Amino acid sequence: MENSILDSLNPAQREAVVCCDAPSLVIAGAGSGKTRVLTYKIAYLLQQGMEPWNILALTFTNKAAREMRERIGKIVGEHEASMLWMGTFHSIFYRILRYESEAIGFTNHFTIYDDTDSKSLIKTIIREMGLDEKQYRPGVVAHRIGEAKNELIRPEQYARDPQLVRRDQASRMSRTAEIYHAYQQRLRQADAMDFDDLLLYTYILLSEHPDVRRRYEERFHFVLVDEYQDTNYAQHQIVWLLTEHRQMVSVVGDDAQSIYSFRGARIDNILTFQQAYQGARLFKLELNYRSTQTIVGAANSIIRHNQRQIPKDVRSEKSVGEPIEVCEAYSDKEEAAIVARKIQDLVRHGGYDYGGITILYRTNDQSRVFEEEFLRRKLPYVIYGGISFYQRKEVKDALAYLRLAVNPRDEEALRRVINYPTRGIGKTTLDKVYQAAVDHQTTPYQVISDPARFALSVNAATQDRLSRFAQFVAQFNALVPTEPANTVAIRMLRESGMTAEVNAGREQEDRERQANLQEFLDSISAFVADRQEEGQGILLSDFLQMVSLLTDQDLGKADENHSITLMTVHAAKGLEFPVVFVVGLEENLFPSEMALDEGNLEEERRLFYVAVTRAAERLFLTWSHSRMRFGKFENNQRSRFLREVDTRYLAASRSSVGNLLFGGTPQHPAREDASASRVAVATSASTLTRNDALVLRPVRAYQSTHTASTPLPGGQSVAVGARIEHARFGRGVVTAVEGTGLDTKATVQFENAGQKQLLLRFARFTVL
């Protein structure tokens, strides 16, 4: 049996598996068989005579624990595998706390509060303390309490911590420590814990009760931890308490994939493991089974720029593979069009299925432009671990306001936002409004416009609130026929209080909502700018018609196994795909502006490393010169990470913006000796040295001996056959010119954006 286990491992994996007499740190490069090592090490321990109940294996997900148990069961038998102490940190500690509950003052039937329960209790406490819920948002308070628990900070310590006190004062939440104290008291009274308490109380149990700690040290002869780079302070300390005496511990992870500091993960836990456990042995799994030599080599060249790391040289057992293609686009709109076209080509001519292709982006709000392009081209897609852009709450709320501006009779839109943000118009009042509308055969909007006329049975203060909301809607309804969509939208959301409500929070979840709302507003500004050039309607009704056409398309039944996957890089960790597009590689986007401000560049680089190593066969890296941000087009610089990719792994190409690598056939790399596991690619110098800022010049006169030219204001002209460079749509050729004076229009066939008709007096392009 021993030979059958070890013979299936490569030398590095085998060495890590058989080390059972010392602490060990297994640094597992991406795609190097980390789970295999954990599985076989447990099987090997059992084979060496260790009882299954003496082995503790900690994971981060139930899925990982379940898969490992199933694999072990196939090797040693399901019965023996079932007796292992194997599961997530929270599930294992929950089990221990059940057994030892009396020691920490709980019954063994204590309740676990989920996130909803916790926020509800915190909300109750905030109200009882007479605090403003808008200032002390329950979700934000819950997050701060959770952070404290994961740092093993109890209420009394929280109140004395100068840094936490200053932070709470700066955000006008100076009584957070009191809320935390009251919250913990109420949990105890209810014989309840929240999820973060499972870590906090396990630490308290083991650190303050030596007899209990000794009992578990004696029980667990060997402790194994998966994804150690993702452990927080509490998890790290609990593992130490369980293993300090025996020192029989093996942790597996990859410091190059430590990307969850915003959740409390500490990379120092893995970087300093050998200092904490004297005599610990280090094993490196450096043979990648997932990706081509080209992708692995590029990933190595990226991560080498980090200073704080455990050096390793990952190599691939697969072929050299195709070179990595880098594409620069004029705009995010053209970037989406280029990606969509490339995907269509990969499916039609490259032998790939949509289900083997993923789009990775830094932030959730980036999905919008790709969703719109895929919907336009009828390409199947799914959002992994999230929801479609136009289905996100803050976007649906904003749309409801805009629908009301266009059509005040829209009952569903009215119901959604009449009391958001809170205006003191509760469900009972709203039910009366809708019933009155039915009784008088009119619309709810008419009822709230004149509550007294319809004998609405509410007090005077409520009548006033309803009337004021109706006047607010009427004010913007009057603007709809004359003002551009973005002007109405920005004003309406600001004056409704929604913009301030969304922008109030400072936590990760809040930032995502803020980014989604800003992306929505920017999409309206882009819509107005583009349609103005095309000589089409720019009113709010035109925008809502466009959105309804997009959102009405039925892709909800798309087969996830045969659909393009869109997701953030964070969500992609642990996954792999034949084809990966990493998009939006621009400074202040990837790496993010916040990461740069906070000095987290190395974690951002690790995030890029994770993105690159999700690809098995083909990798595409894209960026755009301009994006709409805060209502105006901003020029971007390409991400520094693109400059850090060794150019030997990049495809040679023409240097033309918008065509880079996608417009022609990529050159094949000049291969070095296969034993070196490297690939040399002849990359034109202009590929990565082009000026980062795209400067558009005025349209110049186009001289042609074959076609007539059409004069423009200022004596300039454009003619059929002219090649132009557009700020949003990229390069194209003028195929027709019609009209005179200010009404002159040009039809342009763009290389990636398709055919557009542009009203020349508003056009943003230069003739080449």
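When reading the values below, keep in mind they use all heavy atoms of this one structure, side chains included, and skip hydrogens, waters and symmetry mates. Sequential numbering from 1 along the given sequence is applied to the chain's residues. A quick note: this is a predicted structure, and the numbers were derived from the prediction, not measured.
Side-chain atoms of S291 and S316 include no donor-acceptor pair closer than 3.5 Å. Between the side chains of Y384 and T358, not a single donor N or O lies within less than 3.5 Å of an accepting N or O. A donor atom on one side chain and an acceptor atom on the other are found under 3.5 Å apart for S8 and R36.
For N150 (side chain) and D196 (main-chain N/O), no donor-acceptor pair under 3.5 Å exists by modelled atom type. Put simply, the side chain of R144 never gets that close to the backbone of V140: no donor and acceptor are under 3.5 Å apart. At least one donor-acceptor pair closer than 3.5 Å links the side chain of S118 to the backbone N or O of D114. The main-chain N or O of R14 is never found under 3.5 Å from a side-chain atom of Y44 such that the two would form a donor-acceptor pair. Although no hydrogens or angles enter the test, the distance criterion places a donor-acceptor pair under 3.5 Å between the side chain of N10 and the main chain of Q13. Distance alone, capped at 3.5 Å, is enough to place a donor-acceptor pair between the E602 side chain and the Q307 backbone. Between the side chain of S101 and the main chain of N108, a donor-acceptor pair closer than 3.5 Å is present.
For the pair L271/D268, a side-chain contact is recorded, criterion being any heavy-atom separation below 4.5 Å from C-beta on. Side-chain contact between L621 and F641: absent, with no pair of heavy atoms (C-beta onward) separated by less than 4.5 Å. The shortest distance between side-chain heavy atoms of F590 and V582 falls below 4.5 Å. Side chains of R606 and I267 form a contact here, defined as non-hydrogen atoms less than 4.5 Å apart. By the 4.5 Å heavy-atom criterion applied to side chains, M567 and L575 are counted as neighbours. Within the 4.5 Å cutoff, the side chain of K41 has heavy atoms near those of the S24 side chain. Inter-residue side-chain proximity for T292 and V320 is flagged as unmet; no heavy-atom pair is nearer than 4.5 Å. With contacts defined as side-chain heavy-atom distances shorter than 4.5 Å, the pair L589/T363 qualifies.
Evaluation of the side chain to side chain donor-acceptor pair (under 3.5 Å) test over residues 229-242, restricted to residues two or more places apart or in two chains, returns E227-Q229, Y228-H236, D230-K573, T231-N269. Applying the salt bridge (Lys or Arg N to Asp or Glu O under 4.0 Å) definition to pairs two or more places apart or across chains, none involves residues 81-96. Residue pairs meeting the salt bridge (Lys or Arg N to Asp or Glu O under 4.0 Å) criterion with at least one member in residues 584-596, sequence neighbours excluded: E586-R627, E587-R640, E593-R629.
Surrounding CD of E156 are more than 12 heavy atoms belonging to other residues, nucleotides or ligands, all under 6.0 Å away. Q275 CD: more than 12 foreign heavy atoms inside a 6.0 Å radius.
Note: F608 CZ to L360 CG = 10.5 Å, rounded to the nearest 0.5 Å. D313 CG to L287 CG: the interatomic distance, rounded to the nearest 0.5 Å, is 11.5 Å. The distance from the CZ atom of F110 to the CE atom of M193 is 4.0 Å, given to the nearest 0.5 Å. Annotation: the span from Q47 atom CD to M50 atom CE amounts to 12.5 Å, rounded to 0.5 Å. With rounding to the nearest 0.5 Å, the separation of OG in S301 from CG in D646 is 5.0 Å. Separating the CG atom in L619 from the OG1 atom in T294 is a distance of 10.0 Å, to the nearest 0.5 Å.
Every residue meeting the salt bridge (Lys or Arg N to Asp or Glu O under 4.0 Å) condition with R167, not counting sequence neighbours, appears here in chain and number order: E147. S261 pairs by the side-chain contact (heavy atoms from CB on, under 4.5 Å) definition with E603, not counting sequence neighbours. In this structure, E70 has no salt bridge (Lys or Arg N to Asp or Glu O under 4.0 Å) partners at least two apart in sequence or on a different chain. The salt bridge (Lys or Arg N to Asp or Glu O under 4.0 Å) check on R69 picks up nothing, with sequence neighbours excluded. Residues satisfying the side-chain contact (heavy atoms from CB on, under 4.5 Å) criterion with M248, sequence neighbours excluded, are F222, R246. Remark: R137 pairs with D510 by the salt bridge (Lys or Arg N to Asp or Glu O under 4.0 Å) rule, at least two apart or across chains. Qualifying side-chain contact (heavy atoms from CB on, under 4.5 Å) partners for A103, counting only residues two or more places apart in sequence or in other chains: L205, H209. Remark: A177 pairs with Y158, A159 by the side-chain contact (heavy atoms from CB on, under 4.5 Å) rule, at least two apart or across chains.
The existence of a salt bridge linking K318 and E617 is excluded, since no basic side-chain nitrogen approaches an acidic carboxylate oxygen closer than 4.0 Å. Electrostatic pairing of D255 and R308 does not count as a salt bridge here, judged by no charged N lying under 4.0 Å from a carboxylate O. One finds no salt bridge joining R175 and D168 here, because no Lys/Arg side-chain nitrogen approaches an Asp/Glu carboxylate oxygen to under 4.0 Å. Remark: D194 engages K149 in a salt bridge, criterion side-chain N to carboxylate O under 4.0 Å.
Shortest non-hydrogen contact noted between Y201 and I104 is CB-CD1, 3.9 Å. The heavy-atom pair separating R290 from A30 by the smallest distance is NH1-CB, 3.9 Å. V314 and G29 make their closest contact through CG2-CA, 4.2 Å (heavy atoms, listed as atom of the first residue, atom of the second, distance). Across every non-hydrogen atom of F283 and C19, the tightest pair is CZ-CB, 3.5 Å. What you find for I324 and A298 is that their closest heavy atoms are CD1-CB, 3.3 Å. Contact record, L282 with K284: CD2-CE, 3.8 Å, taken as the closest heavy-atom pair.
Only one option out of I259, V569, D254 pairs with Y609 in a side-chain contact (heavy atoms from CB on, under 4.5 Å); it is D254. Under the side chain to side chain donor-acceptor pair (under 3.5 Å) test applied with R213, the options E244, E208, H245 reduce to a single match, E244.
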For this session: Output, in order, the C-alpha distance, side-chain angles, deciding distance and verdict of side chain to side chain contact (heavy atoms under 4.5 Å, CB included) for I145 and I122.
Result: CA-CA 10 Å; I145 291 173; I122 288 170; 4.1 Å; yes
Which pairs would a plain distance check flag for residues 80-94, meaning a side-chain donor or acceptor within less than 3.5 Å of a matching protein atom at least two apart in sequence or in another chain?
from	atom 1	to	atom 2	distance (Å)
S82	OG	H79	O	2.5
T88	OG1	S91	N	3.0
T88	OG1	S91	OG	3.0
S91	OG	T88	N	3.0
S91	OG	T88	O	3.1
Y94	OH	R98	NE	2.9
Y94	OH	R98	NH2	2.2

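Using cut-offs of 30° and 60° on the angle between ring planes, the pair F220 and Y216 is tilted.
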